[in-house]
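Notes for the one structure printed next.
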Amino acid sequence: MVDAGVLGARLASSAVAPLVKKLFVRDQPGAGLVSEPVRISGLVSFGREKRNVTPKDAEKVAEELVRRALKAAPPGERPVEHDEAVAVKNALAHSLSALGTITIHDYEAVALGPEEFARRLRSHAAVVAFGLSADGEFLYERLLRTASLHILNFFTQRSTYIARQQTVQSQQLARLVQAVDVLLERLPSQSAEDAGFEARYADHVSGRYGTLTIYGLDAGTREWPLDTAYLSLEATRERNGHTGPGGLHVPAERVLAQQDQVLLRGVAGSGKTTLVQWLAVTTAGRTYEHGLTHLVGRVPFVLPMRRIVRPGREFPIPGDFLKAVGCPVAGEQPTGWVERVLRAQRGVLLVDGIDEIAGDRRAAARRWLRELVRTFPGNLWLVTSRPSAVPEKWLDAEGFAELTLSPMSRDDVATFVRRWHRAAGAEESVGTSLLQSVRTTSELNRLATNPLMCGMLCALHRDRRGFLPQDRKSLYEAALTMLLERRDRERELVHPDGVRIPYATQVQLLQKLAWWLIRNSRAEMDRSDALHIIGQAMPAVGLDGTPEDVSQSLLLRSGLLREPAEGRVDFVHRTFQDYLGARLAVQELDFDLLVNNSANDAWEDVILLALAHARPKEAEQMLRRLVAQDTARGKLLAAAGLRYATEVDARVRAVVEHGVESLIPPRGLVEAQELARAGGDLVLALLPGPEGIDDTTAATVTATVAYLGSEAALHFLTRFRKQPGEQVQTILAASWQLFDRELYARDILAHLPRQRRVVVRTADDLRTLRSLGGWEHIMVVGAYRVEDLTDLIVRERLTHLALDAPHPVEGLAWLSAFPNLTSVSVSTLLHPDVVRQIPDRVRLDTSPTGES
């Protein structure tokens with residue numbers, strides 16, 4: 001936090017830093033290149049003078065600091081008169097002269113920080129601020145703290161030893177100096193009334209938004225400290241119609257760093273409101289992290305639309321912002337304070353949840369935003385919405401950039417799960433178990449895409465003592481209850497469009513949309529088709545109104561549907577589409593249609609979930625028919641389906657188990673590839689090992705899983721990384737190109753007991769191996785640059801190198817850069833002159849495909 005005393009002096013670093021340097025001996029060349037701390041008294045220019053007189057250098061610096069502070073004071077707000085200014089100068093000079101007697105080292109002073117260091121200077125001074133008035137003492141204290149900040153910052157800049165040993169403190173001091181400068185530029189002169197209220201309001205914001213509430217979880221509503229719960233996600237902006245390499249990717253908390261006005265879209269539970277809270281607390285607390293100086297000196301206004309826009313009420317004017325959100329300090333607000341903040345371009349306006357107001361009021365909301373932005377330019381604006389609530393470029397005319405919150409990454413999920421269990425007081429092993437389930441179960445992996453769904457998985461997994469993956473039906477039922485019913489109710493959200501659809505009716509309508517998409521092999525549908533399906537169903541489910549109203553309610557409130565493009569509708573999670581479609585397929589007795597599509601990978605989850613919903617006789621008939629197809633796919637589906645059916649006759653179970661015996665475990669590498677192709681990730685639950693199987697079986701199992709190339713397969717392979725078999729280790733080393741490079745290197749390669757040959761195709765591959773500390777046996781496939789190999793390969797580690805690539809014009813003399821290289825393999829004949837370039841200690845092999 002920026003110290004109020006430092007700010008009170010209103011002196012920028014450009015004014016203070018040159019004065020501070022005058023207190024110290026001019027450094028000789030190399031003076032900062034020391035290997036140990038230096039006593040401060042040895043640095044001071046007056047260090048050898050008598051201690052009972054005020055050094056002239058300190059007196060001159062103090063006089064100039066006081067003069068500049070008085071000059072920088074706003075008109076009419078001169079803190080002290082001339083006579084007392086002289087007394088302040090004398091007191092400050094005596095404190096600064098203590099630099100000549102203070103016995104601590106520069107290293108220790110930096111560790112103290114500016115406030116404690118200022119206290120030390122005052123206590124060491126022969127004369128303190130005795131006899132000064134309250135205003136005079138106030139000015140003296142602020143000038144001393146300002147000088148102390150710049151003295152310590154000077155120490156970090158002059159000494160490479162401090163910069164190396166106290167990196168964090170050095171960076172903090174530099175950021176604090178920068179923050180003070182930004183504040184002085186941004187923060188106008190304030191009355192005592194405004195400054196006092198602003199401090200009280202900042203405390204309120206930090207307390208009110210400093211915790212995160214998670215709704216709709218079976219474990220109950222729980223509040224977390226925001227600094228524990230907040231997870232930095234990524235926001236993207238499309239360029240040329242895509243969000244890939246040509247798009248913008250930025251941490252969500254920095255969306256306002258380069259763009260003053262942003263409309264941020266995100267699906268239900270994606271973290272929009274959490275981001276709003278984080279920005280509010282960070283702005284109010286003035287805890288300035290690197291890259292967040294755009295928030296320095298600003299004032300946050302959190303404007304949740306569901307609270308400030310009520311039926312029959314007008315949108316609030318700035319003076320009513322605090323009253324509209326029920327801020328308890330609103331009554332203390334000085335008249336015109338909000339307007340003064342906005343006129344000074346210091347506001348951070350966080351308008352959360354455009355989708356949570358009625359559709360017929362969104363045009364009025366846009367006009368309200370437009371007038372505010374035009375009336376008070378230069379402030380920061382973040383407006384959030386679910387994707388389909390407002391059309392593209394909705395605020396384009398007002399100068400808003402549009403960004404979208406991205407799904408959570410694998411590492412984000414792991415971080416969230418750890419924090420959730422820590423906050424819930426759960427055992428760390430419970431979270432570890434859940435992470436393993438998420439990574440090895442494809443449907444859970446697809447669900448864990450945002451904080452809301454991850455929180456649901458954490459709560460359900462803990463409540464059911466870790467048996468979450470075995471009961472997908474219960475998982476989806478709990479998720480539907482949360483998304484369709486409990487979340488809005490617990491948030492006390494009045495339905496924005498006046499259409500409240502009962503839970504069972506929502507499920508029935510969503511089932512019809514899902515089953516239509518599955519039957520027609522579609523990932524999305526035209527909005528007109530959705531309206532037709534809903535319109536046909538409305539009389540049967542007892543809904544009044546129009547299909548448009550019902551469709552819009554499902555889009556905005558269910559958290560399951562979205563509009564990926566104008567006039568198009570799809571499900572946010574394909575796994576929910578499959579679950580809902582399977583429910584209706586069983587209701588409609590469409591078992592023939594299900595079995596007849598067993599060869600289609602897209603129907604896999606639908607068939608398994610239909611087995612979970614079917615009555616015992618219906619499930620048994622499906623299992624028999626799947627095995628009777630006499631295909632690998634059918635037998636594998638039946639075997640996987642045994643875990644989904646609630647009750648299976650022993651004779652049917654025997655038929656299914658006998659059918660899969662010929663497939664698992666695979667007999668060889670060809671069979672392993674065919675098994676992977678036929679079964680996909682569902683074979684993971686059927687494969688054995690690594691305990692209790694021989695080396696040959698372990699190799700075919702490893703090969704089967706490697707062919708899958710999925711994240712669940714990667715986690716399965718971690719069970720085999722310590723398996724000692726030669727074939728297993730060779731397969732593991734050779735398979736990293738089938739997976740995400742960095743994840744595979746971290747989870748598999750880094751744990752192999754022996755370094756087998758790995759194939760690299762790009763410079764990024766080489767960088768990944770370098771992050772592991774290097775690799776002994778590398779095969780380069782494709783054209784390469786000599787500088788990439790010599791710069792990115794850890795030279796001392798490399799012992800074997802294979803080059804399956806055209807050779808550069810430089811020849812092979814560069815091989816001498818690798819001191820422990822003993823053999824090199826090449827795929828083409830080499831000119832004798834090139835062969836002579838190879839160091840004598842390196843054996844040449846012309847068959848790079850073999851192990852050296």
Side-chain angles (χ1 to χ4, degrees), residues 267-269 386-388 442-447 449 453 456 472-485 501-538 540-541 543 547-548 550-565 567-598 600-614 618 622 637 641 644:
V267 299
R386 295 193 188 186
S388 57
S442 56
E443 66 272 8
L444 296 181
N445 188 273
R446 292 196 295 268
L447 274 178
T449 56
M453 299 306 293
M456 179 202 70
R472 291 175 65 187
K473 181 182 174 185
S474 296
L475 167 66
Y476 294 131
E477 286 174 351
L480 288 174
T481 301
M482 179 188 66
L483 292 172
L484 301 182
E485 185 176 41
I501 307 173
Y503 168 75
T505 303
Q506 291 186 70
V507 172
Q508 193 67 16
L509 294 175
L510 290 167
Q511 286 179 176
K512 292 182 179 294
L513 297 175
W515 190 223
W516 186 93
L517 287 168
I518 294 167
R519 289 198 327 268
N520 289 279
S521 301
R522 299 271 290 276
E524 60 185 34
M525 63 172 62
D526 292 336
R527 190 167 184 272
S528 58
D529 291 328
L531 292 175
H532 177 72
I533 293 169
I534 291 171
Q536 282 193 320
M538 285 176 64
V541 297
L543 278 182
E548 287 80 4
V550 174
S551 171
Q552 193 68 0
S553 178
L554 291 174
L555 274 168
L556 295 181
R557 307 306 331 149
S558 73
L560 296 180
L561 293 181
R562 65 176 181 177
E563 282 188 316
R568 310 290 290 171
V569 176
D570 71 355
F571 279 81
V572 173
H573 298 283
R574 173 60 189 264
T575 187
F576 279 119
Q577 174 185 308
D578 293 342
Y579 170 79
L580 290 163
R583 279 181 58 136
L584 192 59
V586 172
Q587 288 179 16
E588 300 289 343
L589 304 179
D590 283 332
F591 300 112
D592 288 348
L593 186 58
L594 290 166
V595 173
N596 292 341
N597 280 279
S598 61
N600 188 336
D601 290 345
W603 283 66
E604 178 183 304
D605 278 349
V606 183
I607 293 170
L608 294 175
L609 290 165
L611 285 165
H613 285 290
E618 295 167 339
M622 284 185 66
L637 266 175
Y644 290 82

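Values reported hereafter were calculated over all heavy atoms of this structure, with side chains retained and with hydrogens, waters and symmetry mates removed. We count residues from 1, following the sequence as given.
Of all the heavy atoms in R522 and Q577, the pair that sits closest is O-NE2, 4.1 Å. Smallest separation of non-hydrogen atoms from S551 and L531: CB-CD2, 3.6 Å. Contact between G535 and P547 at its shortest, heavy atoms only, is CA-CG, 3.8 Å.
In this structure, L594 CG and N600 CG are separated by 11.5 Å, a value rounded to the nearest 0.5 Å. Annotation: the span from Q552 atom CD to L561 atom CG amounts to 11.0 Å, rounded to 0.5 Å.
Evaluation of the salt bridge (charged side-chain N to carboxylate O under 4.0 Å, His left out) rule for E618 yields R615 as partners, not counting sequence neighbours. Judged as a side chain to side chain donor-acceptor pair (under 3.5 Å), and not counting sequence neighbours, N520 has no contacts. With sequence neighbours left out, the side chain to side chain donor-acceptor pair (under 3.5 Å) criterion links S598 to Q629.
Counting heavy atoms from C-beta outward, L560 and L480 have side chains that approach closer than 4.5 Å. F591 is listed as a side-chain neighbour of V586, based on a closest heavy-atom distance under 4.5 Å. Contact check for M622 versus I607: side-chain heavy atoms found under the 4.5 Å cut-off. In this structure, the side chains of I534 and L554 come closer than 4.5 Å at one or more pairs of heavy atoms.
The side-chain contact (heavy atoms from CB on, under 4.5 Å) test with V550 is passed by exactly one of T505, L543, L555: L543.
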Is there a side-chain contact (heavy atoms from CB on, under 4.5 Å) between L593 and E588? Walk through the geometry before answering. CA-CA 11 Å; L593 186 58; E588 300 289 343; over 6 Å; no
Below 3.5 Å, can you tabulate the donor-acceptor pairs from side chains in residues 509-519 to any protein atom, sequence neighbours excluded?
unit_1, atom_1, unit_2, atom_2, d
Q511, OE1, R583, NE, 2.5
Q511, OE1, R583, NH2, 3.4
Q511, NE2, Q508, OE1, 3.3
W515, NE1, D590, OD2, 3.2

